[in-house]
Amino acid sequence: MSRYEPSQIEPKWQETWDKAGVFTARRDAAKPKYYVLEMFPYPSGRIHMGHVRNYTMGDVVARYKSSCGFSVLHPMGWDAFGMPAENAAMERGGHPKDWTYGNIADMRGQMKPLGLSIDWSREFATCDPEYYGQQQAMFIDMMEKGLVYRKAAVVNWDPVDMTVLANEQVIDGKGWRSGAVVERRELTQWFFKISDMAGDLLDSLDGLKDWPEKVRLMQANWIGKSRGLQFGFETVAAPAGFDRLEVYTTRPDTLMGASFAGISPDHPLAKELEKTNPQIAAFVAECRRIGTSEEALQTAEKLGMDTGIRVKHPLDPNWELPVWIANFILMDYGTGAIFGCPAHDQRDFEFATKYGLPIKAVYLAEGAEDAPLTDAFVPMKSERVQYVRGIAGNKPMTGDEGVAEAIALAEAKGFGQGVTKFRLRDWGISRQRYWGCPIPVVHCATCGVVPEKKENLPVELPYDVSFDKPGNPLDRHPTWAATACPKCGAAARRETDTMDTFVDSSWYYARFTAPRAATPTVAEDAEYWMNVDQYIGGIEHAILHLLYSRFFARAMNETGHLPAKAREPFNALFTQGMVTHEIYKTSDDKGRPVYHLPEDILRSETGATLKDGTVVEVIPSAKMSKSKKNVVDPMNIIASYGADTARWFVMSDSPPERDVEWTASGAEAAFKHLTRVWNLCSRIGELPADHQGKDDAALLKATAKAVDEVTKGIDGFAFNKAIAGLYAFTNVLAKADASTPVMKQAIRTLAQLMSPMTPHIAESIWSYQGGAGLCAQAAWPKADPALLVDDTVTLPIQINGKRRAEISVPKDMAAAEVEKIALANEDVVKFLAGQPVKKIIVVPGRIINVVV
RNA sequence: GCGGGUGUGGUGGAAUGGUAGACACAGGCGACUUAAAAUCGCCAGGGGUAUCCCGUGCGGGUUCGAGCCCCGCCACCCGCACCA
């Protein structure tokens with residue numbers, strides 16, 4: 001074997017795999033199937049280390065499962081619609097379509113050298129008309145099933161650019177491009193009825209055993225099921241039509257501590273009042289400038305204004321509460337109106353303190369005095385408290401019991417009803433943008449909103465659009481929207497809204513099972529390949545993408561596009577961490593920060609400088625981002641060290657769910673290690689066939705141990721531990737003096753164990769050492785359980801919990817015997833110094849603790 | 001603000017409630033070399049003359065025993081419905 005030169009071997013093996021069709025997914029009735037999927041990338045044009053890590057993880061699983069005898073599906077595609085393409089068109093000219101397909105070609109070219117075991121024959125982009133046409137067909141089916149509807153909803157409106165802004169484009173309440181103060185504006189928009197499935201989406205989380213607990217928790221909290229009381233306050237001095245104010249509360253037990261009623265600035269009553277009251281109009285307008293994101297609303301300073309209207313307390317008609325408009329009350333949750341109980345809600349407490357509203361405790365900590373509160377008292381609902389202004393008498397009970405009693409009382413008295421509500425809102429999918437899937441409906445003057453005929457699909461995006469004017473290019477296209485009504489044939493106008501790109505990514509996993517079909521899915525293929533056995537992606541998708549996908553799979557099942565078993569499409573989920581890197585910063589002559597690429601930096605023990613010697617500030621690691629320039633281009637790593645080194649590095653060290661910091665020395669170390677394995681392979685290859693060594697038994701044992709560790713590591717998504725095991729095994733093998741066949745067997749096993757991570761070098765070693773066929777297709781090695789157990793164990797001896805000595809005993813020695821040996825130990829005797837032993841704990845095979 | 005998570009040597013990290021620091025990086029020493037690089041071998045949490053003491057973000061608690069469990073903080077990261 002010559003020198004280790006990745007650039008020589010990597011393309012060669014990729015071509016070999018390709019020609020042999022090793023990664024082509026086939027429906028094979030004789031084999032169990034395994035579908036591994038990584039979240040598909042947005043085609044930004046350059047792959048980054050995060051991609052390398054994400055796709056290598058999936059590749060390790062795919063290659064491993066394939067070796068274990070599964071028929072594997074491991075596809076790749078492109079999440080290709082979205083705003084960056086339109087932004088690029090606006091900023092640099094060009095067309096979103098050309099930009100996107102150009103980026104896809106570039107990124108595919110960067111991904112292929114990684115040697116991923118992907119079935120490229122199934123590749124598609126969501127902006128392919130073949131894909132989004134099928135999406136339109138499903139939209140129409142879902143319309144028929146009543147899963148789609150239209151209603152008014154608020155958007156961020158930029159009055160200068162005359163366009164709707166995404167939340168991320170609203171910075172401090174201003175449009176990112178125009179700098180104009182953003183307004184909230186109502187538009188009629190399309191929605192999916194995800195709220196209809198809220199209960200199922202919540203309950204089914206329990207069945208997702210192989211999802212991270214944290215993701216299930218986040219989804220459960222997001223869906224937000226609550227039990228509470230809905231009731232109407234009778235109003236005093238309210239405008240006509242507002243004689244009642246409907247309120248929802250999860251804490252009806254605190255009704256006797258109410259000190260005000262509050263409504264959202266978007267509440268119909270607020271909208272009515274602003275018509276006639278300029279002060280209220282000004283206040284509400286101020287509130288609406290915050291934008292539409294919940295984060296912005298809740299982090300803004302709490303502001304309120306007394307409307308002058310009052311409501312009567314439902315239990316005491318003589319008790320009147322003022323009605324305030326408050327900027328932190330969300331119109332989307334409950335009824336958009338609340339009552340405030342400052343004593344038991346932190347936010348209400350601050351609000352009441354600020355505006356001088358009364359604060360009266362409803363319950364106290366058991367044993368506490370009813371004194372004026374200096375802060376809100378907010379115990380867990382499960383905690384027992386002493387009620388002093390209980391709705392049905394004063395006694396100690398838990399908050400949960402108090403709530404149940406309050407609901408029962410309200411129902412008995414007839415002023416309110418116990419209701420179950422969800423926080424989850426319907427999924428608004430309308431986007432007033434060009435580069436998305438057109439919503440396939442037609443607006444007809446006589447027939448109203450009519451779905452396009454299926455035979456007319458796809459409703460394709462026109463190519464001849466311009467981005468030099470504000471607004472939606474589809475809306476101002478001279479001819480595109482003009483069409484005939486599918487129902488009556490009269491002249492009609494197409495919907496110019498396109499779909500949220502989350503729709504595109506909510507079913508791509510299903511499309512991969514039959515990517516070229518003339519229907520969204522094909523029953524036999526979906527039946528064979530679904531569900532995704534292992535889904536891998538970033539934690540940032542824990543809620544929206546995954547929840548929308550779960551909804552969409554259900555909707556596809558109800559419209560006949562997926563089998564019932566696929567209603568939960570992802571059997572197992574793994575969320576990986578980010579790739580981070582330190583940031584290098586200098587300042588320009590005006591003091592503005594200037595960032596530098598890692599490749600332009602020289603590091604030394606004292607710090608970092610540019611190549612011209614300028615001292616650079618080093619900022620601790622953060623997520624790689626273009627704006628901070630703390631990016632490492634995988635292509636450079638592959639060019640210098642090869643794909644196997646890049647793959648090895650991103651899998652080693654950091655546990656996959658955690659962030660990994662990219663360091664140049666780490667990459668170099670990975671390369672050195674692979675070179676060492678290569679050289680070791682050469683040396684073993686040159687051993688005389690009849691060489692006899694003394695380490696046969698030890699090496700066989702070490703080999704079995706490595707097989708066991710790596711198998712467990714990959715199965716448990718602990719790739720870093722698998723790699724640590726491979727390092728340890730390599731160290732043993734490098735020092736071993738065993739007979740030639742045992743040595744060869746060991747290095748072939750090493751190659752196999754490495755091959756999911758570093759498939760190219762593994763293939764070279766495998767073929768050099770006489771492995772049969774391709775390493776990529778060889779059966780995964782099994783460890784002989786007999787070789788995994790040690791005959792003797794070393795037991796530490798603690799005295800009062802501190803380690804003082806250790807003994808070596810046969811592994812299955814009786815506890816009483818171990819105890820005797822331990823107490824007779826020289827060091828133990830010395831430490832005890834004659835003190836009486838109170839207790840001795842022997843944990844077989846682990847530890848002995850002597851308590852004195 | 002709300003929801004979720006993370007925190008261990010100089011660095012990345014390992015550790016079913018049972019020897020804290022596996023494996024690796026950086027570092028030190030040695031071998032080889034005219035020399036260097038590469039490679040190979042050894043050392044290595046901190047303190048201390050010591051067989052000792054201290055150590056898993058901070059403060060408490062449970063336990064024979066806590067990095068791990070519980071309570072209260074701090075810092076950072078992810079999400080918050082039109083970024084993908």
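Numbered from 1 within each chain, the chains take letters A, B, ... in sequence-line order. Please read all numbers here as calculations on a predicted model, not as lab measurements.
Contact annotation for A:Phe502: base contact, defined as any heavy-atom pair under 4.0 Å involving a base atom. Residue contacts for A:His673: at a heavy-atom cut-off of 4.0 Å it reaches no nucleic acid atom on any strand shown. Counting any heavy atom pair closer than 4.0 Å across all strands shown, A:Trp222 reaches a base atom. When heavy atoms are screened at a 4.0 angstrom cut-off, A:Gln432 is found touching base atoms of the nucleic acid. Across all strands, A:Phe831 comes closer than 4.0 Å only to sugar-phosphate atoms, never to a base (heavy-atom distances). Nucleic acid contact class of A:Asn731 (heavy atoms, under 4.0 Å, all strands): sugar-phosphate only. No contact: A:Ala542 has no heavy atom under 4.0 Å from any strand. Among the protein residues, A:Gly428 comes within range of the sugar-phosphate backbone only, with heavy atoms under 4.0 Å from sugar or phosphate atoms but none that close to a base. Across all strands, A:Ser430 comes closer than 4.0 Å to base atoms (heavy-atom distances). Using a 4.0 Å heavy-atom cutoff across all strands shown, A:Ile429 reaches no nucleic acid atom at all. Within the nucleic acid shown, A:Lys838 has no heavy atom closer than 4.0 Å to any nucleic acid atom. Nucleic acid contact class of A:Thr501 (heavy atoms, under 4.0 Å, all strands): sugar-phosphate only. Base engagement by A:Gln189 is indicated by at least one non-hydrogen atom pair under 4.0 Å involving a base atom. Contact annotation for A:Arg347: no contact, since no heavy-atom pair falls under 4.0 Å across all strands.
With the nearest nucleotide of RNA chain B identified for both A:Glu213 and A:Asp500, A:Glu213 has the one nearer the 5' end. If A:Val851 and A:Ser293 are placed on RNA chain B by their nearest nucleotide, the residue sitting closer to the 5' end is A:Val851.
Rounded to whole angstrom, the span from the CZ atom of A:Phe40 across to the C1' atom of B:A84 amounts to 10 Å. One atom, NZ of A:Lys214, and another, C1' of B:G3, lie 14 Å apart when rounded to the nearest Å. Rounded to whole Å, the distance from CG on A:Asn156 to C1' on B:C80 is 14 Å. Distance OH (A:Tyr548) to P (B:G79): 14 Å, rounded to an integer number of Å. Rounding to whole angstrom units, CD of residue A:Glu301 and P of B:G1 are separated by 13 Å. Rounding to whole angstrom units, CG of residue A:Asn221 and C1' of B:A81 are separated by 15 Å. B:C23 atom C1' lies 11 Å from atom CG of A:Leu726, rounded to whole Å. Counting to the nearest Å, the P atom of B:C77 and the CD atom of A:Gln576 are 19 Å from each other.
Counted by atom type alone, A:Trp211 and A:Gln219 present zero donor-acceptor pairs between their side chains at under 3.5 Å. Between the side chains of A:Ser430 and A:Asp497, a donor-acceptor pair is found at a separation under 3.5 Å.
Of the residues A:Trp190, A:Tyr548, A:Tyr149, the one that meets the ring pair (Phe, Tyr, Trp, His ring centres under 6.0 Å) test with A:Trp427 is A:Tyr548.
Ring to ring, A:Phe349 and A:Phe351 are not that close: their centroids are 6.0 angstrom or more apart.
Base orientation of B:G9: syn (glycosidic angle within 90° of 0).
Taking the C1' atom of each, B:A81 and B:A26 are spaced 45 Å apart, rounded to whole Å. Rounded to whole Å, the separation between the P atoms of B:A44 and B:A38 comes to 23 Å. Using atom P as the reference point in both B:C83 and B:G67, the two lie 44 Å apart (nearest Å). When the C1' atom is used for both B:C29 and B:A75, the distance is 39 Å, rounded to whole Å. On the P atoms, B:C54 is 27 Å away from B:C70, given to the nearest whole Å. Only the C1' atoms considered, B:C43 is 16 Å distant from B:G10, to the nearest whole Å. Comparing B:A66 with B:G60, their C1' atoms sit 14 Å apart, to the nearest whole Å. Remark: the separation of the C1' atoms in B:U62 and B:C52 is 29 Å, to the nearest Å.
Using a cutoff of 4.0 Å between basic side-chain nitrogens and carboxylate oxygens, A:Arg216 and A:Glu213 are scored as salt-bridged. With respect to the salt-bridge test (charged N to carboxylate O, under 4.0 angstrom), the residues A:Lys214 and A:Glu657 do not qualify. The pair A:Asp345-A:Arg251 does not meet the salt-bridge criterion, since no charged nitrogen lies less than 4.0 angstrom from a carboxylate oxygen. In this structure, A:Lys193 does not pair ionically with A:Asp426, as no charged nitrogen and carboxylate oxygen lie closer than 4.0 Å.
In this structure, of B:C82, B:C23, B:A26, it is B:C23 that holds the atom nearest to the side chain of A:Ala724. The side chain of A:Arg676 lies closest to B:C40, out of B:C40, B:A24, B:C25. Each of B:G41, B:A84, B:C25 was ranked by its minimum atom distance to the side chain of A:Lys735; first place goes to B:G41. Of the candidates B:C23, B:A81, B:C78, the closest approach to any side-chain atom of A:Ile539 belongs to B:C78.
Using the six-membered ring where Trp is involved, A:His541 and A:His545 have ring planes that are perpendicular, over 60° apart on the 30 and 60° scheme. Taking the six-membered ring where tryptophan is involved, the planes of A:Trp435 and A:Phe81 are perpendicular, since the angle between them exceeds 60° and thus also 30°. Using the six-membered ring where Trp is involved, A:Phe192 and A:Phe551 have ring planes that are tilted, between 30° and 60° apart. Between A:Tyr508 and A:Phe40, the two ring planes are parallel [angle under 30°; tilted spans 30° to 60°].
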Can you run through RNA chain B from 5' to 3' and write each base as (, ), [, ], | or . depending on how it pairs? Watson-Crick or G-U wobble, both distances under 3.5 Å. (((((((..(((.....[....))).(((((.......))))).(((....)))..(((((..]....))))))))))))....

Per-nucleotide protein contact string for nucleotides 14-21 of chain B (B base, S sugar-phosphate only, - none; heavy atom under 4.0 Å): SSB-BB--

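Legend: residues meeting ring pair (Phe, Tyr, Trp, His ring centres under 6.0 Å) with A:Tyr131, ordered by chain and number and at least two apart, are A:Phe124, A:Trp507.
In this structure, A:Arg431 does not reach the B:A81 phosphate: none of its side-chain N or O atoms is under 4.0 Å from OP1 or OP2. Phosphate proximity of B:A66 to A:Lys802: absent, as no side-chain N or O sits under 4.0 Å from OP1 or OP2.
A donor and an acceptor atom sit less than 3.5 Å apart, one in the side chain of A:Glu295 and one in the base of B:C80.
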